[in-house]
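Accompanying notes for the structure given below.
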Amino acid sequence: MSYILIDRSNYFHNLNIISKQIKGKDKLFVVLKDNAYGHGIVQMAKLSKEFGIKQSAVQTIKEAMSIKNYFPYILVFNDLPQNKMNGIGFAINYIKYIEKIPKNSIVELKIDTGMHRNGIKIKEIADALRLIKNKNLILKGVFTHFKSADELTSEYFWQKENFKEVKKEVKRVCNNLKIPLPSFHSHNSAAIFRNKNFNEAFARSGISIYGYHCLSYPLPNPSLKPVLSLWAEKINTSKFKKGARIGYGGVFETPQNMTVSTYDIGYGDGFFRNDGLTPIKTANGKNILGRISMNSMSINGDDKEVCLFDDASYLAKHFHTIIYEITTRLSPNIKRIIV
Ligand SMILES: *Cc1c(COP(=O)(O)O)cnc(C)c1O
């Protein structure tokens, strides 16, 4: 069976670097949405707890429930509860969410400072806070998200300025309404590494905890280490004469007599389907031959196991996509093993 190895020491290495950058591991939200970017949500929650992380962020209530025992606090980015839930906070992405959230729930107000994806507008803050107070919701945080912290443009600074205005406005309204001041957070992985003077209450890191920085040159380049490697096991080995055409469409033809093995992973398991025209290589440099099938692929040689990748940036480049997509697609059915 194919499997995923999760490297504990690499994970702790990354958490150490990030914690240093934001001045304390108690400030870090580990972002574990979408099965922890494909790494395995329960495995990553367990390791995060072992490291001493106190809070995580996920997309749904279902995800939050699966890791409830590992964190005192979990922020849910986009899902609304039927009943009040202890230890779980809910992002208010739109004013209309406020009426749907059960009384006494913990909430965090998401503000749109320029990404225009979700979040309430700056001019809606006063209304939102009044509604939150009237409903006896507990306002734990106010946060925003950067649209291009990974790019060498001024947009990060522009949104940061907008968030300063947000802080002022929230403080003003909270004083008027006599509600306790919430904590503020805005930084994702890329923003964390652009800010030498981090001074917010929390930061939310996804891609960097998994070992990748996504900053465009010449932004700083932290020495993070990829946490995940994907492995497949050999199903069978055959010897072919020169000229055998392998797999769908027969796009790969053996240039000489060749030993070829079939391995138990394919695009149905979340590995990208390669068309075989431009070959991709395994972690130790062997070509994957021809087209990738739904649950198998062929590789020259007869190794018992192959590591398909231990650094997703190579595949992201090959498939013209982002690292996030390479790891997030990996099927939750693949076994995750911590080593
Ligand atoms: C996914 C997400 C993050 C994490 O972003 P990275 O770039 O992976 O660090 C942080 N905040 C919000 C709101 C998100 O949706």
Side-chain angles (χ1 to χ4, degrees), residues 11 14-15 17-19 21-22 25 27-39 41 44-45 48 53 55-61 63-64 67 71 73-79 88-94 97 107-120 140-151 153 155-156 159-160 162-163 166 182-195 198 200-216 219-222 224 226-228 312-313 316 321-330:
Y11 187 51
N14 302 334
L15 291 179
I17 289 181
I18 298 163
S19 303
Q21 185 79 9
I22 64 172
K25 61 181 170 185
K27 290 179 162 236
L28 181 61
F29 272 93
V30 287
V31 179
L32 303 182
K33 65 192 178 192
D34 291 277
N35 201 26
Y37 292 32
H39 290 63
I41 187 167
M44 297 315 291
S48 304
I53 300 294
Q55 58 262 319
S56 70
V58 294
Q59 193 69 7
T60 65
I61 293 171
E63 290 172 335
I67 53 171
F71 301 99
Y73 178 64
I74 301 174
L75 170 60
V76 172
F77 281 143
N78 197 13
D79 203 356
I88 302 183
F90 297 91
I92 295 175
N93 296 321
Y94 306 97
Y97 281 13
V107 295
E108 302 213 18
L109 196 57
K110 172 86 175 281
I111 313 289
D112 179 5
T113 53
M115 184 168 179
H116 304 335
R117 174 175 68 173
N118 57 23
I120 70 159
K140 181 175 184 312
V142 170
F143 72 109
T144 193
H145 193 54
F146 295 112
K147 65 172 165 178
S148 40
D150 53 336
E151 290 164 9
T153 67
E155 303 222 60
Y156 161 64
Q159 279 192 267
K160 236 165 91 163
N162 291 343
F163 199 48
V166 170
S183 26
F184 295 97
H185 49 103
S186 59
H187 284 53
N188 65 339
S189 298
I192 287 170
F193 289 107
R194 287 184 76 168
N195 190 345
F198 182 83
E200 287 185 333
F202 299 105
R204 311 179 304 270
S205 180
I207 199 72
S208 287
I209 64 174
Y210 306 111
Y212 299 98
H213 78 86
C214 297
L215 298 175
S216 57
L219 294 170
N221 176 348
L224 303 168
V227 169
L228 176 152
S313 50
T321 184
I322 52 176
I323 290 164
Y324 298 73
E325 193 183 9
I326 299 291
T327 62
T328 304
R329 281 167 56 112
L330 294 171

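The analysis underlying the following values was restricted to heavy atoms, covering all of them including side chains, and did not include hydrogens, waters or symmetry mates. Whatever order the structure lists ligands and atoms in, that order sets their numbers, starting from 1. Note that the structure is predicted; figures quoted are calculated from it, not measured. In what follows, residues are counted from 1 in the order of the sequence shown.
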- Item | Pi-cation contact, Tyr97 with Lys110 (under 6.0 Å, within 45°) | no

Taking both backbone and side-chain atoms of Ile207, is any N or O found less than 3.5 Å from an N or O belonging to ligand 1?
yes

_So, 4.0 Å and heavy atoms of Tyr37: is ligand 1 close enough to count as a contact?_
yes

task = Say whether Asp112 and Tyr94, considering side chains only, have a donor N or O and an acceptor N or O under 3.5 Å apart.
result = no

For this session: Please tell me if the side chains of Val227 and Tyr37 come closer than 4.5 Å, counting only heavy atoms from C-beta onward.
Result: no

Atom 9 (O) of ligand 1 has as its nearest protein heavy atom Ser189 OG, 2.6 Å

In terms of heavy-atom contacts, Lys27 and Ile22 come closest through CD-O, 3.0 Å

**Asked** Distance only, no hydrogens: is a donor on one side chain within 3.5 Å (strictly under) of an acceptor on the other, for Asn188 and His145?
**Response** no

* Asked: Charged N to carboxylate O below 4.0 Å: is that the case for Lys33 and Glu63?
  -> no

Can you find an N/O atom of Tyr324 closer than 3.5 Å to an N/O atom of ligand 1?
yes

Query raised in the report: Could an N or O of ligand 1 be found under 3.5 Å from any N or O of Arg204, whether backbone or side chain?
Result: yes

Check: Does an N or O from Gly206, backbone or side chain, lie closer than 3.5 Å to an N or O of ligand 1?
Finding: yes

of all protein heavy atoms, closest to atom 15 (O) of ligand 1 is Lys33 NZ, 2.7 Å

